Amino acid sequence: MLRVLLLLAVVAAAVPAGAARASLPDMPTVTTLAGDGRPGIVDGPGVRARFEGPQGIAYDARGDLYVADTPAQRIRRVDPRGNVTTIAGGGPAALFGAGVPGGYRNGPALQARFDDPTDVAVAPDGAIYVADSLNHCIRVIRNGIVTTFVGAPNRVGGVDGARAVASFTMPRSLAFGARGTLYVADPPNGVRAVAPNGTVTTIHDPNFQGAWAVATYHSARVDQLIVASPMLISLYDLRSGKNAGGMFTTNDAKSWPREGRAFVGPAASVAPLSATQLVYADDLFSTVRLVQFRPPEPWQFTRALSAPPLLNAGARGGGFRDGPGGQALYDQPMGVAVAPDGSIAVADTGNRRIRLLSPFDRRTYETDGARLPNAPDPREFRVAIVGNSLIWTGEPWHRSIGGIVEDRLCAQRPAATPCNVKVYPLRVSGESSAAAASYMQSYLTDGLVNAVVFLVSTPGQLDATTVDPAFAGSLTPLLAGLDAKMAASHTDLLAVLMPGAYEMPNETSYLKLTPTIGPRDPAQVAREYAAELTAVQASHAPYLDLWPLFFGNDDQATFQPLFRVWDHHLTDFGNALVGDAIAQRLIPLYAEAHARH
């Protein structure tokens, strides 16, 4: 222990306060990849190029972006440096240069004609498929030649079957599945599946009515179709053929999801980032949104990747501004696509530009056990923070409890040395500490992590009900058993006790908005806290009691609220209070592990 203290003293003297490893920012930086904002059909480098109105976009494996420039009746290609080239479509501009009349012609790509091409998709073989909306068919560009893959301008409808008889009505969006099936958002008919041989079938799901956009996500565990309609974004499990949940995007005040206290709008285009994350273009509010979900539970969180969006910004006119963090502005964005390097391209239709969002840190939004390392690096110090939604409420990473703990531990390293700390925030469903303990015994006692921080959740903290008297008594054997099992795999356990919003009479902002619940009786809360503390102490497991710290903050003449106004989760200040306290307890463990390596 003396060696550990000496090491800490040396490190503290050598490291400036707040020093930490370089990491991705919490919000993307938005730049303009191509387009100068004026209408036109001009190929060329970056911001010297012009678009009429880019909508659907898709990347190929090399990082080239394909753009359906809908009013221009053309398909454009933008390379990673922003150079724009027209690869298919033609026709002279009309209507004061604001658009090109539609047409229908197959043949050499630059002589071909389209009629409102609204989306593109890149096939596994590199061919470019086009949703030729007003021609009611799917076209394909291969080796410089445009052909009709399925459908026909004179065959409008929703007939399934072979290529020669199948029909569409204004197909709008395309996405390839893992097995080469092409999924089509065909609004009057829902979602259609087109086999590689051109055979068309309709996926019958009532949530797909009026389907506007489709996307797919495939991994070893997931084969998913994502469908956006005017009121919903739905998940569909392609393996089981069943709907896997969804989220409302509607003006029904009872069902419309909120970002903080703001409404969200419908999706014009969707693109998955992971099995539990997507981005979408919200043209109503002129923003791009990140959505985190956790099937089969309800959708959890949505966040604008822009300056604060305005209600009906699409109708009122959005704006244009590049920049870091939450400063960017868009005008009716209609397309999103994820680049091979993790950047996000946006077809900013109203601004006639292609925008690019840099990669950003999304760890607080991806919190399930699948993200734990299968073969951890022995030189890395890994911490799992397990608890309820207090650890996973959609904050930017560096303002979350896990991000604060990671940053504080990284600050113990010399500034020139890369940080070897990784924190995993693991949310366990429900409020049961027994369920959390069961999860930890199953997944966290085999040496995958060096330390486990367990935010003990008292039943009733989040719903203001009376705590079960048997709860405190169950904590003693639960923590004792968990501590013993973790010790066997050289994993340190730290149980954290903290009050909830309902248990703190001075934290009343949220409670004022929910007068039917109100704070709990202080005398009863005090008895429950004493019983819980006694039970934890009896287990002999290491613990951190934050109750005095929380109430000490509220005792100050000018205290900062620990809980939010619109819900019962922690404020940024509350997260910092908890994160700092946990990090202080973990610093000796980190120093000891570092000394061993």
Side-chain angles (χ1 to χ4, degrees), residues 385-393 395 400-402 404-405 425 427-428 430-434 436-437 453-476 478-479 494-515 517-539 541-556 558-585:
I385 302 182
V386 181
N388 57 29
S389 58
L390 291 177
I391 67 163
W392 186 68
T393 51
E395 301 94 341
S400 71
I401 293 174
I404 290 165
V405 170
R427 179 180 180 269
V428 177
E431 307 308 323
S432 168
S433 287
V453 177
F454 177 21
L455 302 187
V456 178
S457 177
T458 303
Q461 278 188 337
L462 299 188
D463 59 9
T465 58
T466 301
V467 175
D468 181 354
F471 169 72
S474 68
L475 272 180
T476 301
L478 184 151
L479 290 176
L494 178 65
V496 178
L497 310 182
M498 55 189 289
Y502 296 108
E503 295 167 314
M504 300 192 68
N506 291 335
E507 296 282 341
T508 55
S509 295
Y510 175 63
L511 302 179
K512 289 176 182 176
L513 303 179
T514 54
I517 298 176
R520 298 178 56 224
D521 176 57
Q524 178 65 22
V525 171
R527 289 192 293 271
E528 291 162 356
Y529 162 61
E532 181 180 309
L533 181 60
T534 299
V536 171
Q537 291 171 334
S539 73
Y543 73 93
L544 172 62
D545 182 10
L546 295 181
W547 281 70
L549 189 63
F550 270 49
F551 280 89
N553 170 74
D554 281 15
D555 279 343
Q556 304 301 313
T558 55
F559 76 95
Q560 296 192 53
L562 296 166
F563 295 93
R564 298 176 182 175
V565 172
W566 59 84
D567 64 20
H568 43 228
H569 295 107
L570 293 167
T571 61
D572 288 349
F573 179 76
N575 281 330
L577 200 73
V578 175
D580 282 334
I582 292 172
Q584 288 301 313
R585 288 293 302 270

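Computed from a predicted model, the values in this text were never measured in an experiment.
Considering all non-hydrogen atoms of both residues, Asn553 and Leu562 come closest at ND2-CG, 3.6 Å. Taking both residues in full, the closest heavy atoms of Arg585 and Leu494 are given as NH2-CD1, 3.7 Å, listed atom of the first, atom of the second, then distance. Closest approach of Trp547 to Met498, counting heavy atoms only: NE1-C, 3.4 Å. Here the shortest heavy-atom pairing between Ile391 and Pro425 reads CD1-C, 3.9 Å.
Phe563 has its side chain within reach of Leu570: a pair of non-hydrogen atoms, C-beta onward, lies under 4.5 Å apart. In this structure the side chain of Phe454 reaches within 4.5 angstrom of the side chain of Leu479, judged on heavy atoms. Taking the side chain as every heavy atom from C-beta outward, Val456 and Val536 never approach each other to under 4.5 Å.
Listed by first and then second residue, the salt bridge (Lys or Arg N to Asp or Glu O under 4.0 Å) pairs that reach into residues 568-581 are Arg399-Asp572, Arg408-Asp580, sequence neighbours excluded.
The side-chain contact (heavy atoms from CB on, under 4.5 Å) check on Leu549 picks up Leu546, Leu577, Ala581, with sequence neighbours excluded.
One N or O on the side chain of Thr571 and one on the backbone of Pro561 form a donor-acceptor pair closer than 3.5 Å.
The OG1 atom of Thr476 sits 10.5 Å away from atom CD of Glu532, with the distance rounded to the nearest 0.5 Å.
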